[in-house]
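Single-structure report; data block below.
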Amino acid sequence: MTRLIRSLSDTPAPGTNYPEVGATRTGPLPAGYHHLHHTVRVGHGRAAYEAAGAAVTTWAMHRATGARVDSTADRAAPGVTLEVSLGLGPVRFTAPCKVIWTTYTERETGFAYGTRAGHPECGEESFVVDLHENGDVWFTVTAFSRAAAWYTRLGGPVVRFLQHAYASRLGRALTALAAGR
């Protein structure tokens with residue numbers, strides 16, 4: 001079942017800091033943001049699909065990259081709030097988010113979270129695992145974002161590079177998790 005919350009106005013939806021809520025699901029990605037689309041094959045077969053889907057929706061994939069995740073639920077569901085933090089030791093960047101939509105079907109599992117006040121960016125990012133007809137399991141990260149803090153504005157192209165690098169890191173982590181490593 002797929003659930004989606006969509007804002008039809010130009011003002012942020014409750015709990016988010018951007019108005020285009022749900023655009024990673026419904027498309028197209030909105031203008032005025034940087035777009036990210038990263039797809040990688042993470043395995044083959046039903047077992048790999050189920051392992052990858054569970055890792056994505058229970059935050060295990062994020063944690064496998066070294067990110068800390070504090071969430072109001074153990075599994076992604078619309079309305080769940082979470083904070084993802086990255087860094088080393090006491091120097092961490094915290095990103096408050098809210099789950100916008102989820103999908104849990106026989107061939108597609110995933111979710112998107114949107115940024116909340118205090119996030120260094122504003123926008124949305126989705127993490128979806130697909131089981132193709134040939135048995136291949138694919139993982140896709142789709143995002144739109146722009147700077148919301150002085151340091152992300154200052155970081156400019158470096159921030160974009162880091163976002164792409166993190167999407168690749170998520171794919172590598174999920175490949176290992178789908179294989180049971």
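Counting only distance, with no hydrogens or angles, the side chain of Thr152 and the backbone of Pro120 share a donor-acceptor pair below 3.5 Å. Between the side chain of Asn134 and the backbone N or O of Asp136 there is at least one donor-acceptor pair closer than 3.5 Å. Using a distance-only test at 3.5 Å, with no hydrogens or angles considered, no donor-acceptor pair links the side chain of His38 to the main chain of Val141.
Considering OG of Ser168 and CD of Gln163, their distance stands at 12.0 Å, rounded to 0.5 Å. Summarising the geometry, atom CG belonging to Leu177 is positioned 8.5 Å from atom OG1 belonging to Thr58; distances are rounded to the nearest 0.5 Å. Atom-to-atom distance recorded for Thr140:OG1 and Glu108:CD is 9.0 Å, nearest 0.5 angstrom.
No side-chain heavy atom of Arg68 sits under 4.5 Å from any side-chain heavy atom of Arg63. Side-chain contact between Thr57 and Thr109: present, with at least one pair of heavy atoms (C-beta onward) separated by less than 4.5 Å. Contact of the Ser71 side chain with the Trp59 side chain is registered, since non-hydrogen atoms from C-beta on lie closer than 4.5 Å. Put simply, the side chain of Thr103 reaches to within 4.5 Å of the side chain of Thr105, judged on heavy atoms. Within the 4.5 Å cutoff, the side chain of Arg172 has no heavy atoms near those of the Val40 side chain. Side chains of Val129 and Val137 form a contact here, defined as non-hydrogen atoms less than 4.5 Å apart. Residues Glu106 and Arg46 meet the side-chain proximity criterion, which asks for heavy atoms closer than 4.5 Å. Between Met61 and Phe139, the closest side-chain pair of non-hydrogen atoms falls below 4.5 Å.
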For Phe111 and Val56: C-alpha separation, side-chain torsions, deciding distance, then whether side chain to side chain contact (heavy atoms under 4.5 Å, CB included) applies.
CA-CA 8 Å; Phe111 73 96; Val56 166; 3.8 Å; yes
Show your working on side chain to side chain contact (heavy atoms under 4.5 Å, CB included) between Arg75 and Tyr104 and close with a plain yes or no.
CA-CA 11 Å; Arg75 185 175 182 203; Tyr104 294 96; 2.7 Å; yes
Show your reasoning for whether salt bridge (Lys or Arg N to Asp or Glu O under 4.0 Å) applies to Arg146 and Glu124.
CA-CA 10 Å; Arg146 63 180 170 220; Glu124 191 172 290; over 6 Å; no
Would Cys97 and Thr81 count as a side chain to side chain contact (heavy atoms under 4.5 Å, CB included) if you check the C-alpha gap in whole Å, the side-chain angles of each, and the deciding distance to 0.1 Å?
CA-CA 6 Å; Cys97 302; Thr81 59; over 6 Å; no
Run Thr115 and Thr16 through side chain to side chain contact (heavy atoms under 4.5 Å, CB included) and show every step you take.
CA-CA 6 Å; Thr115 58; Thr16 65; 5.9 Å; no
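In summary, Arg116 and Glu121 do not engage in a salt bridge, as defined by a charged side-chain N under 4.0 Å from a carboxylate O. Electrostatic pairing of Glu83 and Lys98 does not count as a salt bridge here, judged by no charged N lying under 4.0 Å from a carboxylate O. Arg107 and Glu133 are joined by a salt bridge, as a carboxylate oxygen and a charged side-chain nitrogen come within less than 4.0 angstrom of each other.
Across every non-hydrogen atom of Asn17 and Ala148, the tightest pair is ND2-CB, 4.4 Å. Shown here for Gly171 and Val42, the closest heavy-atom pair between the two residues is O-CG1, 4.0 Å. Ala67 approaches Val84 most closely through the heavy-atom pair CB-CG1, 4.1 Å. Listed here is the closest heavy atom pair of Leu174 and Ala55: CD1-CB, 3.7 Å. Closest approach of Gly22 to Ile100, counting heavy atoms only: N-CG2, 3.9 Å.
In this structure, Arg25 satisfies the cation-pi test against Trp101, with its NZ or CZ atom closer than 6.0 Å to the six-membered ring centre and inside 45 degrees of the ring normal.
Under the 4.5 Å side-chain heavy-atom criterion for Ile, Leu, Val, Met, Phe, Trp and Tyr, Trp138 and Phe127 are members of distinct hydrophobic clusters. Cluster annotation: Trp150 is connected to Phe93 through the hydrophobic network of ILVMFWY side chains, with a link wherever side-chain heavy atoms come within less than 4.5 Å. Linking Ile, Leu, Val, Met, Phe, Trp and Tyr residues whenever their side-chain heavy atoms come within less than 4.5 Å leaves Leu86 and Val159 in two separate clusters.
Below 30°, between 30° and 60°, or above 60°: for His62 and Tyr113 the angle between ring planes is between 30° and 60°, a tilted geometry.
For the residue pair Thr142/Thr24, the side-chain donor-acceptor check at 3.5 Å is not satisfied.
Ring centroid separation for the pair Tyr18 and Tyr33 does not come in under the 6.0 Å cut-off.
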